[in-house]
Enquirer: 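This structure is in structure tokens; I'll ask about it shortly.
We name chains A, B, ... by the order of the sequence lines, and we start the count at 1 in each one. Keep in mind that what you see is a predicted model, and the values were worked out from it rather than measured.
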Amino acid sequence: MSEPRLLQLQDLRVSFHSRDGVVDAVRGVSFSLGREKLGIVGESGSGKSMTGRALMRLLPSTATMHAKTMRFGEIDLLAASERQMCQVRGRHIAMIMQDPKYSLNPVVTVGKQITETYRRHRRTGGRAARDYAIEMLDAVKIRDPARVFHQYPHEISGGMGQRVMIAMMLAAEPSLLIADEPTSALDVTVRFEILQLLDELIQSRHLGVLFISHDLNLVRRYCDRVLIMYAGQVVEEIEADRLNEATHPYTRGLLDSMPRIHRPRHRLPVLQRDPAWREPLTADER
Amino acid sequence: MIELEVRDLTVAFGPERQRVRAVEDVSFAIARGACFGLVGESGCGKSTVLRVIAGLNRDYGGTVSLRGTPVPPRRDKAYYKRVQMVFQDPYGSLHPGKTVYSQIMGPMLVHKLAGAEQRVDRALEAVGLGTAFRFRYPHQLSGGQRQRVAIARALALEPEVLLLDEPTSALDVSVQAEILNLLADLREREGLTYLLVSHDLAVIAHLCEELAVMDRGRIVEALTRDQLVRGETKVDSTRRLLEASEELGEDRLPPEAPR
């Protein structure tokens, strides 16, 4: 790829120190991301969300983080001051969270939440921001955006809430989107609509996306490339449409354990975890 | 023999003028030892149906019968000895400040059952946890283990019917497989009858022989598993659900995955 990479990450490590000792949540994750859709899949506790948060430097205060490189374009995310990070977050890298019920402010209207992001990064007047917010609501295909603008999060459905979240995240025109389980709290049918919308916006705005999910099926359909994480390490990297050819026993186990409508089985195979998967990977395996 | 039957069930919410009919004329019957699935998008009324059967919603029209006998809207204690429910979110349905033992003991005390301790141990063994888990708190358990505790709590009463409200949708696929297998085993071993509510057609197709698709409060289609697998559906709602699950990665008639 001739285009410069948006994001470069080398040997990211995140650990938590507690009374009971040190827990290594992320153990040497490296990848680079261009203007493409990169998926990270794994079970809960595999370190996928921590990787996403580390990129925004939004880890809990009990966590410590190390990396050899963590660059976003020209910006060195490791050396950036907190002030610079505030510019990066939202303006350059935006994050969509799992559940709109919890990530929207319940006592602030939808419109106000969108204009806040926009004004924070763009320094425009209230009027212009308002017009822009309505335009954004329209872009995420909300019918009657002027009405929704004045509504509170509890007055809209989950699918609408997620559209609002997307509008809010895209308002400052970031170039990288970190989507952490953006559709897990939604229904199957709504889920597909939201993904389609996200896809259109990614195409038209030429964004890079880091798509974090536990849902293999979804990632397989949606992303270009997939990283499979287990116990804080990337155990396999594969092109999404070749996921069926994955070779790592963990990936195979996950694929196999899903019920399928068109391939009924009496029992679902259960993942047998091999302690060897936890062994630290050697430098060239990474 | 019919274990559980719902006839002309209607539920409406809201004040007189703006009453919303959440469930309308829903009828189905589940044979003893069968697993019946109720599937649909959120807001279609499937969970309301389950809540009515569980006795959590007493304001309804129509009848719910257990082994041919209609039960009153206000259920008695004997009903709960026979019908138990497992909720979606194991993080929300267990008391965070009580041990596994006392959570499962709760229903035993309510029903004043003899040999309560042995029942608790037996239930824990049945869900594959073992008695070593008796004195753990929910925060010391994984999501899958919590759901096993919730199932054990329902099982300890030795009920006849289990109402399952999205029992695996909060879990990882690998853990989902374990819980689905456990539910299948328990049904076989204990001769239980299941009513499973889910939005995931693949989960329903895996566990249930028969299913009904709900849309806007009504059952729009009743299907057998084989009909579903062959795609023999006549209504759009089912087709939409099928397409959504195919769209999200399931290929129609996939070849055996290459090894």
Enquirer: Considering residues at least two apart in sequence or located in another chain, which fulfil the side-chain hydrogen bond (donor to acceptor under 3.5 Å, both in side chains) criterion with A:E193?
Expert: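 With neighbours one apart ignored, the set is A:R163.
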Enquirer: CE/A:M258 to CD/B:Q176 distance, rounded to the nearest 0.5 angstrom?
Expert: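 The CD atom of B:Q176 is 9.5 Å from CE of A:M258, to the nearest 0.5 Å.
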Enquirer: To the nearest 0.5 Å, how far apart are CG in B:D172 and OG in A:S46?
Expert: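 Rounded to the nearest 0.5 Å, the CG-OG separation comes out at 8.0 Å.
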Enquirer: Could you tell me which residues in residues 180-199 of chain B have at least one non-hydrogen atom under 4.5 Å from a non-hydrogen atom of chain A, sorted by residue number?
Expert: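 At a heavy-atom separation under 4.5 Å, chain A is reached by B:L180, B:N181, B:D185, B:E188, B:H199.
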Enquirer: Please enumerate all residues that pass side-chain hydrogen bond (donor to acceptor under 3.5 Å, both in side chains) together with B:D165, with sequence neighbours excluded.
Expert: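 Testing B:D165 for side-chain hydrogen bond (donor to acceptor under 3.5 Å, both in side chains), a comparison that skips the adjacent residues, returns none.
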Enquirer: Is the number of heavy atoms from other residues, nucleotides or ligands within 6.0 Å of CZ (A:R53) greater than 12?
Expert: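 At most 12 heavy atoms, drawn from other residues, nucleotides or ligands, come within 6.0 Å of this atom.
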Enquirer: Of A:D256, A:L268, A:L254, which is the lone residue that meets side-chain contact (heavy atoms from CB on, under 4.5 Å) with B:S174?
Expert: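 Of the listed options, the one satisfying the test is A:L254.
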Enquirer: Using a cut-off of 6.0 Å, state whether more than 12 heavy atoms not belonging to A:R278 lie near its atom CZ.
Expert: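 For A:R278, atom CZ is not crowded (no more than 12 foreign heavy atoms under 6.0 Å).
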Enquirer: Where is the tightest heavy-atom contact between A:S257 and B:A177, given as atom of each residue plus distance?
Expert: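 Nearest pair, atom of A:S257 first, then B:A177: O-CB, 3.4 Å.
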Enquirer: For A:H150, give me all partners under side chain to side chain contact (heavy atoms under 4.5 Å, CB included), at least two apart in sequence or on another chain.
Expert: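 If we apply the side chain to side chain contact (heavy atoms under 4.5 Å, CB included) test to A:H150, skipping adjacent residues, the hits are A:R130.
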Enquirer: Within this structure, what is the CZ-NE2 distance for the pair B:R230 and A:H262, rounded to the nearest 0.5 Å?
Expert: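 It comes to 12.5 Å.
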Enquirer: Between B:A202 and A:I261, what is the shortest heavy-atom contact and its length?
Expert: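 It is CA-CG1, 3.6 Å.
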Enquirer: Does CZ in B:R240 sit with more than 12 non-hydrogen atoms of other residues, nucleotides or ligands closer than 6.0 Å?
Expert: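 Yes.
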Enquirer: Is the count of non-hydrogen atoms from other residues, nucleotides or ligands lying under 6.0 Å from B:F13 atom CZ greater than 12?
Expert: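 Yes - once you tally the heavy atoms of other residues, nucleotides and ligands closer than 6.0 Å, there are more than 12.
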